[in-house]
Amino acid sequence: MAGGYTIKGTGPDAYLAGGRLTIDLDALVANYRDLAARSAPAQAAAVVKADGYGLGLEPVARALAGAGCRRFFVALPHEGVALRRVLPDAEIFVLNGLFGQEAAAAYREHRLMPVVNSQSDLSVWEAYGWDGENPRPCAVHVDTGMNRLGLTFERARALASENALTRALTPILVMSHLACADEPGHPMNRRQLESFQAVKTLFPETESSLCNSAGIFLGGDFLCDVTRPGIALYGGGAVGGIANPMRPVVLAEARIAQVRRARAGESVSYAATPLARDTIIAVASTGYADGYHRAASGAAVPLRATRAGASGFIHGQEAPVLGRVTMDLTLFDVTALGEDAVAVGDHVELFGPNMPIDRVAEAAGTIAYELLTTLGRRYHREYVGDGA
Ligand SMILES: *Cc1c(COP(=O)(O)O)cnc(C)c1O
């Protein structure tokens, strides 16, 4: 948080909350600049769906716009409406497509552009889309292997030839989405790139976009004209097997409510995990209701037979989770810190600069995306940095 200052606190007051989130907008901006440089000569857009990956749509979008980002992607139309209030002039694309005629009116009113994913999206947008400088602007998504959303290649070809005559739509972007970009050596990447190169020839006047965060690290031809980073902006490691070059954006901490001593042979938490040795336990005031997943529970817990649990970080040391994570409380083993090292009111880092979010996610059998987007509403949140 070097040089930053607090611009905004949200959520419950810090002294009444079980945990606090410190969201470093300078780190977010640095990550955007880093990804923009890696994307060059392509332009970097930003994906801010799911409330800016859980970090707060408004501060995140303002900071990114301040860093020069002009194009934004959300998943849902209501997210687009919220973003339009924050950024009156940005280009906003809605990834999940159109939600029928009634929703199209909201797209018109708020100048949202659908990512056209299906025949029904096409028909509705042709009938109800808005006219900007050009009629009915949109992105066209063509599936190249996800089988999630997107037109088939054949449908896209038909659209391209019809539209060349009618000019009913103005495709601003033609896009597809990579299934395996987090595994750089996966053969699917090359296959999807080849399919997408064929798609691009259908829309020769239109900018193209293929890469999410991980795709940017594939570089070269993958970059196309526009990239769509999400997780890497927020500090998550996009690519497996390499050191994460992004700066951490979120520091999540829990307040210690109590410190207690238990003897070998006693047990902890639900399901009574036995303690193998005398243990000093720091009881932290966050749990799975705050998005500290129950699957991060400690080693020796029956439901975690095969994997060690997560660890926190406190006073310069790692502290493993003990027993089951509960709704509002999590137990940390601070024995190694020694007597009286931890006091009530101290904070344990759940993830952040000292405890990488990807490590905690892995311990919980999930990914950083899920830890961020399930951050609970009970944290006190502080936004630091001037976002510049
Ligand atoms: C969510 C999403 C992105 C961003 O992905 P990250 O892995 O978070 O960078 C890009 N494109 C599409 C279509 C998405 O759904």
Side-chain angles (χ1 to χ4, degrees), residues 28 31-32 34-36 38-39 42-55 57 60-61 64 69 71-77 79-80 83 91-98 113-118 121 138-151 172-184 186 188-189 192-193 195-196 199 207-219 222-240 242 244-250 357-358 361 366-375:
L28 174 74
N31 288 342
Y32 176 74
D34 178 306
L35 292 161
R38 289 176 198 271
S39 298
Q43 174 199 76
V47 180
V48 296
K49 61 197 182 187
D51 199 30
Y53 284 50
L55 302 187
L57 178 64
V60 160
L64 292 169
C69 184
R71 283 189 163 146
F72 292 83
F73 290 84
V74 294
L76 299 171
E79 296 175 338
L83 181 56
E91 281 188 14
I92 302 175
F93 294 96
V94 181
L95 288 165
N96 285 20
L98 264 172
M113 291 185 275
V115 173
V116 166
N117 288 310
S118 65
D121 283 353
C138 59
V140 175
H141 181 184
V142 184
D143 183 47
T144 54
M146 279 287 281
N147 264 312
R148 189 173 68 167
L149 292 174
L151 303 174
I172 303 288
L173 269 185
V174 58
M175 58 175 271
S176 193
H177 192 46
L178 295 167
C180 304
D182 57 330
E183 291 182 58
H186 200 294
M188 188 74 176
N189 294 321
Q192 286 192 273
L193 176 61
S195 303
F196 191 57
V199 170
E207 287 188 292
S208 60
S209 176
L210 182 60
C211 289
N212 62 349
S213 300
I216 293 170
F217 289 82
L218 296 173
F222 284 89
L223 296 170
C224 300
D225 300 310
V226 176
T227 60
R228 309 188 305 270
I231 191 68
L233 292 170
Y234 309 104
V239 182
I242 65 162
N244 178 6
M246 310 320 294
R247 277 174 60 177
V249 174
V250 191
I357 186 168
D358 290 288
T366 183
I367 52 178
Y369 300 72
E370 197 176 25
L371 286 190
L372 289 177
T373 57
T374 57
L375 281 169

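In listed order, ligands and their atoms are each counted from 1. Count residues from 1 along the sequence.
Between the CG atom in D182 and the CG atom in L218 there is a gap of 9.5 Å [rounded to 0.5 Å].
Residues satisfying the side chain to side chain contact (heavy atoms under 4.5 Å, CB included) test with Y32, not counting sequence neighbours, are A36, A44, L64, A67, C69, L233.
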CA sep, side-chain torsions, deciding dist, call: V47, F93, side chain to side chain contact (heavy atoms under 4.5 Å, CB included): CA-CA 9 Å; V47 180; F93 294 96; over 6 Å; no

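The closest side-chain heavy-atom distance from L55 to L375 is below 4.5 Å. Between L35 and M246, some side-chain heavy-atom pair lies under the 4.5 Å cut-off.
Classification of the Y369-Y53 ring pair by plane angle, with boundaries at 30° and 60°, yields tilted.
Under 4.0 Å from any atom of ligand 1, one finds heavy atoms of residues V47, K49, Y53, L95, R148, H177, N212, S213, R228, P229, G230, I231, Y369.
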